[in-house]
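First comes the structure, then the notes that go with it.
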Amino acid sequence: MIDRSQLLSDLQALLKKLEADLAERSDLEEVSEVREALQVEYAKAQEAERTALSYEKWRSGYATQVVVAWVLSVVFARFLEDNGLVELPRLSGPADRLQRARDEHEVYFRAHPTETDREYLLYVFRELGQLPGMGASFLDHNPIFELPNWLSGDATGTLLRFFQQIEPETGELVHDFTDPDWDTRFLGDLYQDLSETARKRYALLQTPIFVENFILDRTLDPAIEEFGLQDFRMIDPACGSGHFLLGSFERILERWQKKEPGTNVRALAQRALYSVHGVDVNPYAIAIARFRLLL
């Protein structure tokens with residue numbers, strides 16, 4: 001099971017190490033293509049009036065987004081692997097799945113002996129992104145693919161080993177994502193508190209469940225009563241990690257099931273999903289909301 005507080009605390013420490021790696025590599029001559037690409041992106045942001053920050057502050061914020069994208073992509077993959085939503089574990093897993101993941105890692109490097117763990121993780125993300133519904137979580141608009149060489153091979157190795165850590169007393173994984181209920185609310189904790197810089201920049205704050213229910217009782221439900229379910233649409237203009245989207249999805253699906261009890265639940269779920277929309281300026285908020293809706 002997921003230990004939310006320990007996962008958050010451990011990932012916060014890891015995030016600082018990865019951010020330091022990006023900061024160092026931003027100025028290294030041997031990765032000049034990264035520095036040049038960053039300067040081009042900064043110029044585009046200025047021209048489009050998306051930023052008024054200095055280059056150094058803009059780069060720091062962008063680096064945080066990239067590091068968080070690496071971390072979240074691994075978390076998404078681990079959740080899928082540990083809960084049997086993909087057959088083959090390539091990163092880690094409880095019991096014998098950890099050894100199977102290590103075997104997959106070894107097989108990959110036999111075929112690609114000159115590559116690093118960075119290329120291995122990118123390979124895993126591309127493979128997962130080919131599965132139905134997974135492209136939005138692993139490939140589309142994922143900032144790690146914009147500058148894949150920015151994070152060093154050593155840093156990505158640290159990231160991979162983090163999720164393979166074993167408790168010496170028990171022999172079990174430190175971070176086990178197995179959850180029979182597929183509860184993804186822990187991702188909201190990561191969204192809000194993983195990066196202090198991002199939390200301050202985007203004023204990140206999760207909505208408590210009782211507030212979510214209070215608001216949906218007084219907005220979504222009356223709107224459905226007035227407009228009906230057919231072609232119904234809702235939008236959350238600051239959706240964050242998706243609490244209102246998931247709450248709306250569940251309510252809309254429940255109403256469809258009551259209205260058409262004989263219709264296949266997959267078809268009804270798709271109708272409910274078509275009704276739910278969200279927007280956010282924070283890229284990793286969108287990534288989390290998409291992943292949660294997919295599950």
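Values below: all heavy atoms of this structure, side chains included; hydrogens, waters and symmetry mates excluded.
Under the 6.0 Å distance and 45° angle rule, R161 does not count as a cation-pi partner of F163.
In this structure, L122 is a member of the same hydrophobic cluster as L131, with clusters built from ILVMFWY side-chain heavy atoms closer than 4.5 Å. Under the 4.5 Å side-chain heavy-atom criterion for grouping Ile, Leu, Val, Met, Phe, Trp and Tyr, Y123 is connected to W70 within one hydrophobic cluster. Side-chain heavy atoms closer than 4.5 Å link hydrophobic residues (I, L, V, M, F, W, Y) into clusters, and following such links, even through other members, never connects L246 to W182.
Taking the centre of each ring, F227 and F232 stay at or above the 6.0 Å mark. Ring-centre distance between F162 and H175: below the 6.0 Å cut-off.
In this structure, Y55 places its OH atom where more than 12 heavy-atom neighbours from other residues, nucleotides or ligands lie under 6.0 Å away.
Note that CD1 of I252 and CD of E250 are 10.5 Å apart. Values are rounded to the nearest 0.5 Å. Rounding to the nearest 0.5 Å places CZ of R90 at 12.0 Å from CZ of F125. How far CG of L11 is from NZ of K16: 12.5 Å, rounded to the nearest 0.5 Å.
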If you look only at distance, which donor and acceptor atoms sit under 3.5 Å apart when one is on a side chain in residues 285-295 and the other is two or more places apart or in another chain?
residue	atom	partner	partner atom	Å
R292	NE	T184	O	3.4
R292	NE	T184	OG1	2.8
R292	NH1	S241	O	3.0
R292	NH1	H243	ND1	2.9

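With D176 contributing its side chain and G93 its backbone, the two residues share no donor-acceptor pair below 3.5 Å. In terms of modelled atom types and a separation under 3.5 Å, the side chain of R97 and the main chain of E81 share a donor-acceptor contact. In this structure, D236 contributes its side chain and L245 its backbone to no donor-acceptor pair below 3.5 Å. At least one donor-acceptor pair closer than 3.5 Å links the side chain of Q164 to the backbone N or O of L91.
When every heavy atom of V75 is checked against every heavy atom of F186, the shortest pair comes out as CG1-CE1, 4.0 Å. Scanning all heavy atoms of the two residues, the minimum distance from P94 to L173 falls at N-CD1, 3.4 Å. Here the closest heavy-atom approach between residue L151 and residue R25 is recorded as C-NE, 3.8 Å. Pairing each heavy atom of S92 with each of L98, the nearest pair is OG-CD1, 3.4 Å. Here the shortest heavy-atom pairing between P222 and L216 reads CD-O, 4.3 Å.
Ion pairing between a basic and an acidic side chain is recognised when a charged N comes within 4.0 Å of a carboxylate O; R255 and E225 show such pairing. Residues R102 and E106 are not paired through a salt bridge, judged by the lack of any N-O separation under 4.0 Å between the basic side chain and the carboxylate. At a threshold of 4.0 Å, the pair R271-E260 counts as salt-bridged, since one of the basic side-chain nitrogens sits closer than that to a carboxylate oxygen.
For the side chain to side chain contact (heavy atoms under 4.5 Å, CB included) with V67, the qualifying choice from L72, L15, I144 is L15, the only one to do so.
Residue pairs that meet the salt bridge (Lys or Arg N to Asp or Glu O under 4.0 Å) test with at least one member in residues 3-13, sequence neighbours left out, are R4-D183, R4-D189.
Classification of the F138-F76 ring pair by plane angle, with boundaries at 30° and 60°, yields perpendicular.
Put simply, the side chain of T219 does not reach to within 4.5 Å of the side chain of M234, judged on heavy atoms.
Side-chain N/O atoms of S9 and Q12 include no donor and acceptor closer than 3.5 Å.
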